[in-house]
Amino acid sequence: MAVVQTKNITKRFGAFTALDGVNMELNEGEIYGFIGPNGAGKSTTIRILLGMLKASAGEAQIFGKDVWKDAVEIHKRLAYVPGDVNLWPNLTGGEVIDLFVKLQGGTKNSRREELIERFDLDPSKKCRTYSKGNRQKVALIAAFASEADLYILDEPTSGLDPLMENVFQQCVNEVKAEGKTVLLSSHILSEVEKLCDRVGIIRQGRIIETGTLDELRHLTRTKLVIETKQPVPNIHEFAGIHGISGENRRWSFQVDTEKLDDVMKYISSYGITKLESAPPTLEDLFMRHYEGNDPSGGRRNG
Amino acid sequence: MGNHLFHNIGKLSLFILKRDRIRILIWIIGIVFFTLIVPPALAELYPTQQDRDAFAITMENPAMVAMAGQADTSHYTIGVMTAHEMLLFTALVVGLMSILLVNRHTRSDEEDGRVEMLRSLPVGRLSNMNASLLVLTITNIVLAFVTAIGLFALGIESMDLQGSLLYGALLGGTGIFFAALTAVFAQISENARGTFGFSIAFLLLLYLVRAIGDVSNEALSWISPLGWVTKAQVYGENNWWLLLLLIVVSFILMVVANYLYAIRDLGSGLIRAKSGRKYASWFLQSPAGLALRLMRNGIIGWAIGMFVLGASYGSVMGDLDSFFSGSEMLSQMVLDAEGEFSVIEQFIPMLMVVIAITATISPVLSMLKLYGEEKKNHIEHLIVRAVSRPKLMVTFLIISFVNAFIMLSLAAIGFWSAGAASVEGGLDFGMIYTAAIAHFPAIVCMISIAALLVGFLPRFSSFVWLYVFYSFIVLYLGGLFHFPDWVGKLSPFGYISQLPIEDVNIVAEIVLLVLSIAIMIIAVVTYNKRDIQG
């Protein structure tokens with residue numbers, strides 16, 4: 001059964017359409033990466049899922065319940081970390097964590113102490129004195145210390161140092177091991193690649209691509225750097241080759257994945273002396289979509 | 001050296017003016033408008049010197065002196081009357097303007113990280129604060145001149161050019177004084193809320209010191225700059241040197257603010273934040289506990305303030321009694337025909353209206369906090385957990401009611417305890433307490449309107465203050481200006497009977513409560529339906 005399911009959710013703010021029919025499905029136990037450029041509608045989607053905004057049209061369900069009407073019931077089994085964590089300046093981090101765990105319906109548990117230790121947070125400091133990263137740690141600790149079945153994380157690591165990002169990734173893997181579901185919105189593509197089972201790309205209020213990373217990779221291109229014994233004739237015109245640069249016997253270019261076989265056969269007949277290949281990264285995919293499906297793949301770089 | 005401390009102060013000042021041009025304009029227009037409508041109204045209501053003298057006598061009693069200050073009642077011209085009734089009151093409003101605007105550009109901007117952005121640019125270390133002070137000084141000077149010219153232009157005989165200039169200058173001077181004072185507090189406190197709290201508390205303290213001083217101890221009111229405002233005897237002696245004193249003190253405060261600003265780190269205050277608890281107490285772990293914790297200091301401050309306000313009114317009751325009983329003519333003027341009620345009993349309703357409307361401020365602040373927290377993206381932390389919106393709003397409503405009840409009760413207790421000590425034969429606690437608590441339904445009504453705005457028109461929720469202010473104006477000044485009845489009936493406070501000289505109007509009280517409940521239901525429903533902002 002789908003843990004999160006949206007059907008054509010649309011959100012208009014006056015004349016502006018922020019979401020234009022978003023369809024999304026998260027299955028139990030999976031980590032879903034939600035990526036897209038700034039202003040594409042990631043946070044709006046998440047705020048609708050959380051029952052903070054009311055969708056103008058469409059349906060959204062979590063645990064089979066309506067996100068707007070049954071918000072409280074849903075939230076008992078859900079943990080959320082916003083990208084921009086604003087806390088009460090005159091409460092301490094420790095107090096905020098306890099409050100959050102309690103409001104979510106949880107009880108005091110040993111995970112709180114363990115997480116505070118792992119994230120290296122001083123819980124006796126007032127939130128006013130915390131940096132962005134530290135405020136994010138407070139929200140992350142509160143989320144992972146609560147007994148949730150679904151974690152909604154909206155760019156949770158944007159202020160964390162690499163060490164803490166690592167701790168975060170461990171935490172996500174731990175909850176996944178317990179069979180929990182995670183919705184991770186992120187700009188850090190390496191993080192999404194490392195953690196997520198499936199990815200959805202949103203652009204201008206629509207999900208334009210969704211699938212497993214492997215499925216998505218088929219849509220993208222492999223980077224090749226080659227050197228050949230003899231010059232390769234007509235390489236510029238060969239179908240499936242993009243963004244070519246270099247000269248004579250040394251070239252670097254990208255190849256559509258489905259044309260890779262043809263390209264390799266063609267080039268190898270001129271005697272390959274050197275071959276470097278880099279697998280398509282999520283970043284390539286991302287860039288391709290962000291730049292408006294520019295067919296030449298123009299400004300892509302490795 | 002000076003150059004790099006104040007680099008680009010001109011550009012920053014223009015920037016502040018640009019950000020606040022509408023805000024400043026509204027303040028100036030509002031203050032000038034309220035100042036200028038008064039003298040013609042007084043001239044119409046009290047056309048002959050005889051009328052004015054009769055009114056002057058009622059203003060001589062201690063309760064009125066405590067409220068409005070002293071005046072030369074032997075030459076009670078329209079000019080003196082205007083200065084007596086309006087100058088101190090308007091000076092408080094100008095002070096409030098300066099506090100809000102300076103805090104906005106100093107500690108608020110610093111807390112939100114905007115000063116940091118500016119300081120990373122080629123801007124002097126002291127430029128930002130001094131640009132704010134410069135803008136406020138200019139604002140107050142403009143206010144002074146516009147007021148002065150406006151008053152003089154009314155062409156009322158007793159309002160000469162010199163007096164009008166001093167009137168305006170005292171308003172501007174008070175504004176500059178509170179701008180400088182707020183700048184000092186902005187260095188001492190580590191956050192904008194603290195700065196506002198300290199500044200407002202100091203404003204009220206100066207008012208109270210003057211009130212107590214004017215009634216009982218002349219020397220005491222010389223401590224308070226608000227005392228100087230009344231002692232300048234505008235349209236009478238025109239003591240210009242008091243204005244000079246005000247400006248000198250303001251300048252000293254500005255120097256102090258600059259010194260403190262220069263020696264401290266950006267983002268810090270002289271009062272350091274202590275580290276706190278590692279765990280939340282059981283009390284904090286609920287929406288109600290959280291809300292109370294966030295409002296704790298404010299509520300305690302208001303509670304002390306209400307008690308002191310009640311006590312200061314109560315303490316003049318004894319003087320009031322002896323003042324009137326000493327003169328046959330006076331007591332005949334004030335007392336009702338049947339002689340059924342004592343002087344004190346006749347003054348209580350008016351004092352209670354002032355107390356009740358002041359007691360409205362804290363609970364309305366509590367209610368508006370719900371939207372304030374939303375704007376700061378704090379509410380989302382609660383409603384993404386197992387807290388429903390109706391529960392959240394009802395929690396804030398209940399806190400506001402309890403808040404109102406405490407404020408009224410403390411003011412009544414303060415009034416009674418100080419009054420009982422000063423009046424021969426004591427005061428009946430039940431009578432005082434009922435007179436105060438009778439206003440509870442009106443405050444509940446105000447709270448429900450605040451809730452409705454939070455639910456239905458959150459962006460306009462601060463408009464509830466206009467309604468509170470309106471209530472204050474029509475009920476406090478209503479007697480002076482002989483407003484028609486319906487003007488007072490537009491405020492819920494207009495339906496509360498004047499205890500103890502009237503009987504309790506139970507029907508009106510119940511109707512107000514029922515109406516409030518209906519408004520609250522709409523508030524909760526609309527709050528539950530709308531998008532959460534942030």
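Every chain is numbered from 1, with letters handed out A, B, ... down the list of sequences. No hydrogens, no waters, no symmetry mates; every other heavy atom, side chains included, goes into these values.
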Is the shortest heavy-atom distance from the side chain of [X] to the side chain of [Y] under 4.5 Å?
X        : Y        : value
B/Leu290 : A/Leu91  : yes
A/Pro82  : B/Glu380 : yes
B/Val387 : A/Val72  : no
B/Gln285 : A/Phe100 : no

Nearest 0.5 Å, please: how far is [atom2] in [Y] from [atom1] in [X]?
X        : Y        : atom1 : atom2 : value
A/Lys126 : B/Arg277 : NZ    : CZ    : 10.5 Å
B/Lys376 : A/Trp88  : NZ    : CH2   : 10.5 Å
B/Leu284 : A/Asp98  : CG    : CG    : 8.0 Å
A/Lys102 : B/Trp282 : NZ    : CH2   : 10.0 Å
B/Ser286 : A/Leu99  : OG    : CG    : 8.0 Å
B/Ile532 : A/Leu53  : CD1   : CG    : 8.5 Å

Tell me, side chain or backbone of [X] under 4.5 Å from chain A's heavy atoms, or both, or neither?
X        : result
B/Gln533 : backbone
B/Asn528 : backbone
B/Ser388 : both
B/Arg389 : side chain

Heavy-atom pair with the smallest gap, counting every atom of [X] and [Y]:
X        : Y        : result
B/Ile383 : A/Met52  : CD1-CG, 3.7 Å
A/Arg128 : B/Glu111 : NE-OE2, 4.2 Å
B/Ala386 : A/Lys76  : CB-CG, 3.4 Å

Chain B-proximal positions within residues 7-17 of chain A [heavy-atom distance under 4.5 Å]: A/Lys11, A/Phe13

Please indicate whether [X] has more than 12 foreign heavy atoms, meaning atoms of other residues, nucleotides or ligands, lying under 6.0 Å from its [atom1].
X        : atom1 : result
A/Gln170 : CD    : yes
A/Lys125 : NZ    : no
A/Lys132 : NZ    : yes
A/Gln169 : CD    : yes
A/Glu28  : CD    : no
B/Tyr259 : OH    : no

Options A/Ala139, A/Ser124, A/Gly94, A/Ser146, ranked by heavy-atom pairs under 4.5 Å with chain B, top entry: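 Most heavy-atom pairs within the cutoff with chain B belong to A/Ser124.
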
Most contacts with chain A, counted as non-hydrogen pairs under 4.5 angstrom, among B/Lys391, B/Arg530, B/Lys278: B/Lys278

Chain A neighbours within residues 395-402 of chain B, where any heavy atom lies under 4.5 Å away: none

Donor-acceptor contact present, side-chain B/His381 to main-chain A/Leu87, <3.5 Å: no

Chain B contact via A/Arg47 - which portion, at a heavy-atom distance below 4.5 Å: side chain

Electrostatic pair B/Arg293:A/Glu95 at N-O distance under 4.0 angstrom: yes

